Amino acid sequence: IRSAAAGGGRVVRFGLPLARGVFTHAAAVLKDAAGRALPCVQETLAHWPDGSARCLAVRFITEAPAGQHALRVGVREGQPSSAGHIAEPAPARGLPAAYVALPPEQLCASGAFGGPLVPSSQTPLSKDLDTRLPDDLRRSIWDTAAREAMPTDYERGLHEYFYYDTHHAAFQQFVRTGLQPCFEAGFAVARSYREETLVLEGPKRGWPKTPDWDDPERTFIHWWGLRTMYIEGLLDDLHLTGDPRSFELARAMADAYVETLPWQNNARRMNLRVNERNPGWPLVELTAFYEVTREQQYLDSATLVFEDLLQWQDAGGGWLRVYEDTAECAHGCRGGQPFMHAILVEGLARYARLTRRADALESLRKAVAWLLTPEAGWRAEQGGWVYLPGCKDKRQATQVSMDLSVLISNSLAWGWQFFGEERFRAAALAAFQAGVKRGPVPNGKLFSQHYRSSGCTLACLSAPAGTFA
């Protein structure tokens with residue numbers, strides 16, 4: 001409890017994620033530190049494909065003063081209980097006034113956060129990452145969140161704080177470490193992102209507020225909007241806070257994809273193929289929403305994206321980037337950027353896990369292997385990739401900076417899980433360690449690239465091949 005409620009008790013709401021197949025109907029039981037029962041109101045927010053309960057939203061009232069307090073949370077089979085009327089807590093901005101922090105062991109074991117996660121206490125590989133996490137978090141986003149100074153301007157907010165789904169990155173680190181500032185930062189960023197950067201009403205509800213979103217001639221989401229629609233972080237928020245507003249806006253974004261994604265004409269296909277992350281984000285986010293809802297239209301839209309990717313991917317595993325000005329690509333290099341390629345591979349991995357399509361698995365194998373080619377800029381001796389902007393040729397580049405984004409190692413870790421090739425695991429480990437030691441994290445965008453999938457990477461590298469594929 002960051003601040004006690006004035007004039008009475010405070011309503012506290014939290015999400016309670018549950019492992020697949022454990023409870024058909026789940027009911028939470030709350031007790032305080034002295035063992036006294038706490039009346040609560042609860043509802044089931046989501047189910048697993050087998051019909052078992054996936055997540056509960058629980059509300060209770062506390063008169064406890066500011067500070068940390070023990071809460072005993074149990075779950076039994078049965079209909080969710082109700083203690084009469086307990087109102088939803090008032091909408092919050094900035095850091096949360098009060099919240100429940102469940103332990104990493106419970107959160108990771110639930111499997112409800114989009115991919116494999118293992119508590120940091122059980123993954124020796126995470127030591128160096130965990131050492132730098134608090135400073136990276138404070139410097140990049142937490143100080144701004146604590147001052148309630150998140151920008152409302154779309155462009156500034158996007159590039160400084162929200163890019164690559166910063167709320168997802170912060171929540172993922174909370175789930176595996178239990179570090180409370182990660183929860184607080186994720187909470188603040190999620191609310192600023194959903195209320196300030198998304199269209200909240202009207203026929204374009206769920207669209208990002210790109211500079212041209214309100215143009216009546218704009219009938220589909222422009223390429224610069226595709227890469228800013230972050231459903232995963234709002235689903236994390238749903239599972240951790242029980243806030244139905246996050247689920248409503250996650251659905252609005254997923255529906256916006258469904259309504260505008262049928263790229264049956266050339267203009268929309270070019271919109272998709274500007275760079276690798278443009279189709280990558282829809283594939284990641286649609287599969288994430290489908291995993292929670294199991295509503296077929298979201299997987300069908302993901303399939304539209306995937307099947308266009310198959311036509312676009314070349315024999316070497318890369319994707320030829322389409323530019324308005326192609327002069328910069330005259331040398332013939334495909335121009336792929338590994339940190340963008342990694343978002344696409346993340347989506348491919350999720351799609352392959354869901355569908356088990358042979359062509360999806362083959363596309364994934366080629367895409368992972370491409371990362372270890374000279375064309376991708378891989379330099380094994382440095383554990384990273386040559387970074388050159390745009391479509392410049394990385395094959396013979398000298399005097400260059402290195403891309404040490406930890407994000408890229410996640411692609412190789414998935415390659416290890418799906419295909420069991422030791423070269424993928426060795427390269428993933430080398431890239432992960434190099435990124436942790438030398439990768440800079442000055443702002444929200446680079447925090448997200450560094451941390452959004454690092455927990456998944458650690459889980460994949462710590463387990464035998466095939467464990468999570």
Side-chain angles (χ1 to χ4, degrees), residues 46 114-115 154 158 162-165 167-168 190 193-194 197-215 218-238 245-312 319 340 343-355 357 360 452:
Y154 173 83
L158 175 66
F162 308 130
Y163 219 0
Y164 281 75
D165 203 345
H167 37 310
H168 176 61
Y193 170 79
R194 77 187 191 190
T197 72
L198 300 178
V199 179
L200 303 179
E201 303 293 341
K204 293 184 178 180
R205 187 169 188 252
W207 282 42
K209 288 182 179 177
T210 54
D212 67 342
W213 76 267
D214 56 353
D215 181 349
R218 171 61 63 189
T219 59
F220 62 94
I221 300 166
H222 201 282
W223 66 266
W224 59 64
L226 290 177
R227 61 189 187 184
T228 67
M229 297 172 66
Y230 305 133
I231 292 172
E232 282 184 297
L234 295 185
L235 294 177
D236 291 343
D237 188 82
L238 173 77
R245 176 75 167 167
S246 287
F247 188 62
E248 291 167 7
L249 289 174
R251 180 179 290 280
M253 280 192 284
D255 288 343
Y257 275 135
V258 170
E259 291 165 6
T260 66
L261 275 186
W263 284 294
Q264 65 264 31
N265 62 61
N266 191 58
R268 295 190 182 187
R269 187 166 290 113
M270 294 302 100
N271 183 45
L272 174 70
R273 296 180 180 182
V274 168
N275 59 48
E276 303 93 317
R277 67 186 166 199
N278 280 10
W281 284 117
L283 200 55
V284 167
E285 307 301 347
L286 284 165
T287 51
F289 199 72
Y290 171 74
E291 284 181 321
V292 172
T293 65
R294 294 290 157 161
E295 295 175 26
Q296 188 63 35
Q297 68 266 32
Y298 303 115
L299 185 61
D300 290 344
S301 284
T303 298
L304 287 176
V305 179
F306 168 70
E307 291 179 348
D308 192 82
L309 289 177
L310 280 185
Q311 298 176 39
W312 182 22
W319 284 275
M340 297 187 188
I343 291 295
L344 207 162
V345 171
E346 183 179 337
L348 271 176
R350 296 180 76 147
Y351 185 79
R353 288 177 77 197
L354 286 169
T355 66
R357 284 179 56 161
R452 65 167 274 113

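Since the structure is predicted, the reported quantities are computational estimates derived from the model, not experimental observations.
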Any donor-acceptor pair under 3.5 Å linking the side chain of [X] with the backbone of [Y]?
X	Y	answer
Glu285	Glu232	yes
Lys204	Val199	no
Trp319	Leu309	yes
Thr228	Gly225	yes
Glu276	Leu344	no
Tyr193	Tyr230	yes

Measuring only between side-chain heavy atoms, which start at C-beta, is [X] closer than 4.5 Å to [Y]?
X	Y	value
Arg245	Arg194	yes
His168	Ile231	no
Ile343	Arg227	no
Val305	Tyr257	no
Trp213	Ile221	no

Nearest heavy-atom neighbours spanning [X] and [Y]:
X	Y	result
Ser301	Leu286	CB-CD1, 3.8 Å
Tyr351	Ala360	CD2-CB, 4.0 Å
Leu198	Pro208	CD2-CA, 4.3 Å
Thr219	Thr260	O-CG2, 3.9 Å
Arg452	Asp165	NH1-CB, 3.6 Å
Ala288	Leu235	O-CD1, 3.7 Å

Ring-face cation contact, Phe220 with Arg218, 6.0 Å cut, 45° max
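Yes, Arg218 sits over the ring of Phe220.
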
Enclosure of Glu201 CD (heavy-atom neighbours >12, cutoff 6.0 Å)
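Result for CD/Glu201: open.
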
